[in-house]
Structure formats: C-alpha cells, structure tokens
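Here the structure is laid out as structure tokens; the discussion comes afterwards.
Within every chain, numbering begins at 1; the chains are lettered A, B, ... in the order of the sequence lines, protein sequences first and strands thereafter. Nothing here was measured: the structure is a model prediction, and the numbers come from that model.
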Amino acid sequence: MSLIEINDVHKVYKGGEGEVHALRGVSLKVEEGEFLAMMGPSGSGKSTLLSVMGALNPPTSGSMLIDGIDVYALDSERRADFRHEYIGFVFQQFQLVPYLTALENVMLPLAISRYPDKEQREMAKNVLEKVGLGEKCLRLPNQLSGGEQNRVAIARAIVNQPPIVFADEPTGSLDTQTGQDILTLFQALNREGLTIIMVTHNKENLDWVQRAVFIRDGSLEKSESYGPRMAQEG
Amino acid sequence: MRLTNIALGNLKRRKLKAVLLVLGMVIGVASIVGLYSITRAMQEDIANKIDEFGSNILIVPDTGDASISFGGVTVQGSGPLKQLNMSDIAVMKTIKNKETLAIIAPKLLADAQINGKRALLVGVQFKDELKLKKWWKITWAGPREIPGAGEVIAGSDAARVLGLSPGQSVGIKGQEFKVAGVIQPTGSIENDGAVFMDLGTLQQLTNSPGALSLIETAAWCYTCPIEQVTAQLQAKLPGTKVQALKASTQSRDDTVKKFSMFALAVSGLIMLIGGLVVMMSMMSSVKERTRDIGVFRAIGFRKTHVMRVVFTEAVFLSLIGGIIGYFLGMLAAMAFGPVIAQTGVKIVWQLQLALAAVGGATLVGVLASLYPAYQASRLDPVEALRFI
C-alpha cells in the first residue's frame, strides 16, 4: 500500500469569473520514504494539488488516502488532528510567526500536544540544532536570513516527527547556494525515512529528488524517476 | 509552549493596540464603578438619614376638625371616634413586622396657659422621644440627662414667645416645672412651637390617665416594608388613621433613585461601547493575523484552539482593564463623589464590587470576542496562506 494514494481528483473553484478547473482528474501514488518533486509552470495547479494532498483543501471529486485513511471523510477537527500527526508544512515565504522566536516557532506544533514545556523545549532545540540553527534559537524571524528562516520552517515541520513533509517552493526566494543547502538538508531528512513532497518550478532542484511529476493545466503530464542524486553521489 | 504563550506573544507585539484596548476597558469599568459607588453612597446616605430622622409612621384617631394641631393632628375636635391609650402600644407590638418598630413614642397633646399665653403641651416619654429626635440640638440647663417628671423642654419658638430659658421655673396648670432645656430651631412648627413634658405628668394634669393623642413610631428603616407595616398597624388599631410620613428625605430619595436609573442606563451604554471596542479590536487583530491563523490551522490547530487563543487575548486584556478600572473608578468616586452627590458621602472599598467589575469586564471581553473568535476559527488555511 502506498503512503499517499490520489484517485481521479478534480478541484473546481467557483469565482466571479465563472469556474476554474485547477485539477482535472489527477491520480498519483507516493511511496513511503520518497522525495518527490511536483513541477509545473505558474498556475498549473501544483500548489492546489499540494494543498489537497496536505489535507487542507477538499477536492471537488475524487479520493485521497494517506496511510489508508480517507482524509476527507474526516470532519474538520479530526482532519486538523490528522494534519498534526501526519503532516509537516514548509510554506512559501516560510510563514514564521513574527512575534515568536525561532525556538517558539518550532515549538508551535507542540503547543497543542501533551508534551510538558520542558520536553517541548528540548525537542525544539534538538531539531533546531539538526538544521544548524542551535545558536540562533532565541532570535525573532526578522533577525534571521532567508535561508535561516527556511531552516526554522523546516524544523517546525518536523519537530513532532510527522511521516510526511510538504514543501511549497522552499527555495523560491533563496539564492542558489542557500537553496542547495536547503535541498541537501531535505535530502538528509529523507534519508532518515521522511517522505518529502516538494512543489517547485526550478528544474535544477530535480537533482535532489528521487522522482518528479509534471503538472500542466491541472493534469498530470508525466512522471520521471531518477537514480542516485547529487548529495548521495557527493 | 501553550496557547497562552501565543496569545500573550501577540499582545506583546501589538503593544499599542493592546494598551488602547485596555484603556477603553479601563475607562468603561472606571465609569461604571465610579457611578455605582457614588449612587450606592448616596443611597446609603439617604438610608441613614431616613433611619436617623424618620419617625415615619404616625397613628392618630380618625377624627375631624382642628383647633390646635401637632403635625396636622387634632388636639381638640368635635369628638374622637376612638381615643388612643397606652394599651394600644402593646397591641402595636403584636403585628407581624413588629421587629421593624424600633422606637414607639406615644404623645398626649393639650393646651395650657403659660405666662399668660396659650401654649401647646406635648406629653412624651423623654427616653424614647430623644431617641426618636436625634437631630434635636438642645441647650441644657445642666448636665445632659433625660428630663424627669418635674421638668420640661421648650421648642425654640415656644421658649421665645413664652419667655422661657434653660434652668428657669415655670408654672403649668398650677404646678411648678423646671425648664431643663430649650431646643434649638429645627425648622419644624411641631417641634419649635411646643413645650414637651413627661407623658405621665401631663396625663395627670389633664385628668386623663392612659390617654394618648397620637403615637409616633420609627419604623421606616430604608429597607423596611413600610406599606405592609402601615397596613398591619391599621388592621390592629381600628378607628385610627395610620399614615406613613413623607419625610423631607423622601424627595431626595426620589432624586437618588432617578440618578440610580440614569447611572444604570449610562453603565449599560458604557458596557455596550466597551464590548464594541473589544469586538472591533479583536476583529482587526484576527484580520491582521490571517496568515498566522492559517499556519496554526495548517499545522493541526483545531478551531477550538484558535478560538482559545483569541479568547485568551480578550480575557487577559479585559482582566487588566477591569482591575485598573476598578481602582481608578473608586479613586474617582472618592475624589468627585462628594461634588456630584452634594453631600458628604462615604465611598468604601468593596470586594464584591471589585469582583463584579473584574468579572463583568472579563465577561464583556469574552462575549465581545465570541464573533471574532468564531471568525478566526473559520479561516480557511488554504485561502489564508494563498495556496490557491
């Protein structure tokens, strides 16, 4: 059984200018431990697919199973619980909460857990050290560089050890070197068993992933698998 | 980290807005506390005055025309239907609300020639009468004590007209009496124009043992059921007229009641405005934090978690506003109360009022943030994070 199974998913947005078909019958399987890229031009529907796969955006039709669970059969609150347990997000522009320190941002998912404060702090510190930000954990987001903010966002996504992380254009606003550092970090996490699904429009990012699916006009155009990648080679 | 840390962290970031919201709450609570304290003090002042000055029920024979009167009560008329007497006092003590009859002051009225002039004699039991007329200021002949059977006290007008002064002897109905004291002007004809003497003595002098002309009773404490007491006395004493006196304090009481109603209306308005301020502020806060809330929802916060964050902010600010508002309101009441109430009102710190102010402010905060919290909880993370 695949970790994620999407079958014939359609997503239609109704707006003032009529209906927009963002997804048109997308079917996709993602295996546990995969590092998958979703490629496509702007407006192709890749971010919508990410939100649907991330249990945030119910499809208009079709089904999606994660770990055998029909996510959209759950009510809104249970789906929130599901996201908390199964999914980590690295958003575009990182979306760190500006009035919380790096450490507090990482602790956010733990705020609704049963971990005592001390343990939360330890967990968050460990993860921040893992992404190379142990010494800057008490800084506010605006005191960190773009790459550092991205690392905090990654730390927040993995702090409660979800099996899947979705990343939406994680290198979009970073310079080439910083972007590559982030992808190397993703690759390292993937090697530890984390399933990573990354939306990107940058073909250079494909050097780090195991597979890429190409989306155009809301449909899956093709899927390409790759052999051992850059960091592994290095 | 707990949800509270998130709420407080946000307040720390939005210091100016938080301060303005607290300020709004402080003004609201302080106004209400101030108004309430002043109104309450005024009511207490009235109650004290009524208790102090109130000989508030008058029992008189239900009879006709007047020749000499005491507070509108006939001394000599065409013949009473029922003559009051000392046994009626015992009857009065059998009514249901007998405990409200704090002082019973029986009186016998008679006229007499004193120093060649006609005068009103009022026979009283001095012990009860002096208790009843606490506001009498008496110029005593000697050390202050309850006058005896051979002594009289003269009202200021009576003393002037009849030429009486403290310590002087005066002949009344063939008997010598000592003027134990003269009452300073009270502004009341009944008190100023009469000569007060021992009730038993006057009954002997007028040859009417046990007879009474009227009975005054201090029953009207502020919270006593005066209408009920009056009705009970009337039922027990047929042939008499039992009437609750409209003391001068009554009109002031009416004014205070009107002020209380005004204060209540203003307080309601202030609470409404305070609630709206909190609501607008929280709505703006939610709008400003659309993306943050989107992140919260995306990483697994339930709607109830988001609502709790909003509530925590509102409760925290309202709590602070309530506490500061209470103290400011009390201080304002102490400073301006006497000016507003035009009397020496005493404002006292009250724990109950403090709890009500802080609790009320918190409740307003919670109620006012219900909609913003609901709005926040319904934010679609997909839209909030611009996934579309």
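Contact annotation for A/I87: neither backbone nor side-chain heavy atoms come within less than 4.5 Å of a heavy atom of chain B. For A/R156, the part lying near chain B is the side chain, with the backbone staying farther off; criterion is any non-hydrogen pair under 4.5 Å. Contacts of B/K12 with chain A are absent, with no heavy-atom separation under 4.5 Å from either backbone or side chain. With a 4.5 Å cut-off on non-hydrogen atoms, A/E104 touches chain B through its backbone and its side chain both. Contacts between B/T4 and chain A at a heavy-atom distance below 4.5 Å are absent for every atom of the residue. Looking at B/R14, neither its backbone nor its side chain comes within 4.5 Å of chain A, counting heavy atoms on both sides. Looking at A/Y115, only its backbone comes within 4.5 Å of chain B, counting heavy atoms on both sides.
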Kindly determine whether A/L110 and B/M1 satisfy side-chain contact (heavy atoms from CB on, under 4.5 Å), including the steps that lead there. CA-CA 7 Å; A/L110 305 174; B/M1 166 173 279; over 6 Å; no
Checking side-chain contact (heavy atoms from CB on, under 4.5 Å) for the pair A/E77/B/T304: CA distance, chi angles, key distance, verdict? CA-CA 9 Å; A/E77 296 295 73; B/T304 48; 3.8 Å; yes
Determine whether B/I6 and A/L108 satisfy the following criterion, side-chain contact (heavy atoms from CB on, under 4.5 Å), listing intermediate values before the conclusion. CA-CA 8 Å; B/I6 299 170; A/L108 258 185; 3.4 Å; yes
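The environment of NZ in B/K17 is crowded: more than 12 heavy-atom neighbours from other residues, nucleotides or ligands sit within 6.0 Å. A 6.0 Å sphere centred on CZ of A/R121 holds no more than 12 heavy atoms belonging to other residues, nucleotides or ligands. Open room surrounds NE2 on A/H201; 12 or fewer heavy atoms of other groups in view lie less than 6.0 Å from it. The number of heavy-atom neighbours closer than 6.0 Å to CD of B/Q352, taken from other residues, nucleotides and ligands shown, is 12 or below. Heavy-atom contacts from other residues, nucleotides or ligands closer than 6.0 Å to CD of A/Q93 number 12 or fewer. In this structure, A/R216 places its CZ atom where only 12 or fewer heavy-atom neighbours from other residues, nucleotides or ligands lie under 6.0 Å away. Around CZ of B/F316, the count of heavy atoms belonging to other residues, nucleotides or ligands within 6.0 Å does not exceed 12. For A/Q161, the CD atom sits in a loose shell: 12 or fewer heavy atoms of surrounding residues, nucleotides or ligands are nearer than 6.0 Å.
Between B/A298 and A/F91, the closest heavy-atom pair is CB-CZ, 3.6 Å. Heavy atoms only, all atoms of each residue included: B/I299 and A/H84 are closest at O-CD2, 3.4 Å. Residues A/A111 and B/F301 share a closest heavy-atom pair of CB-CZ, 4.4 Å.
Side chains of A/S76 and B/R378: no donor on one and acceptor on the other come within 3.5 Å.
A distance of 9.0 Å separates CD in B/E383 from CG in A/N57, rounded to the nearest 0.5 Å. From B/R302, atom CZ reaches atom CZ of A/R78 across 6.5 Å, with rounding to the nearest 0.5 Å. Note: B/N5 CG to A/D117 CG = 6.5 Å, rounded to the nearest 0.5 Å.
By the 4.5 Å heavy-atom criterion applied to side chains, A/V97 and B/N10 are not counted as neighbours.
Looking at B/R297, its side chain never comes within 3.5 Å of a backbone N or O of A/L56 through a donor-acceptor pair.
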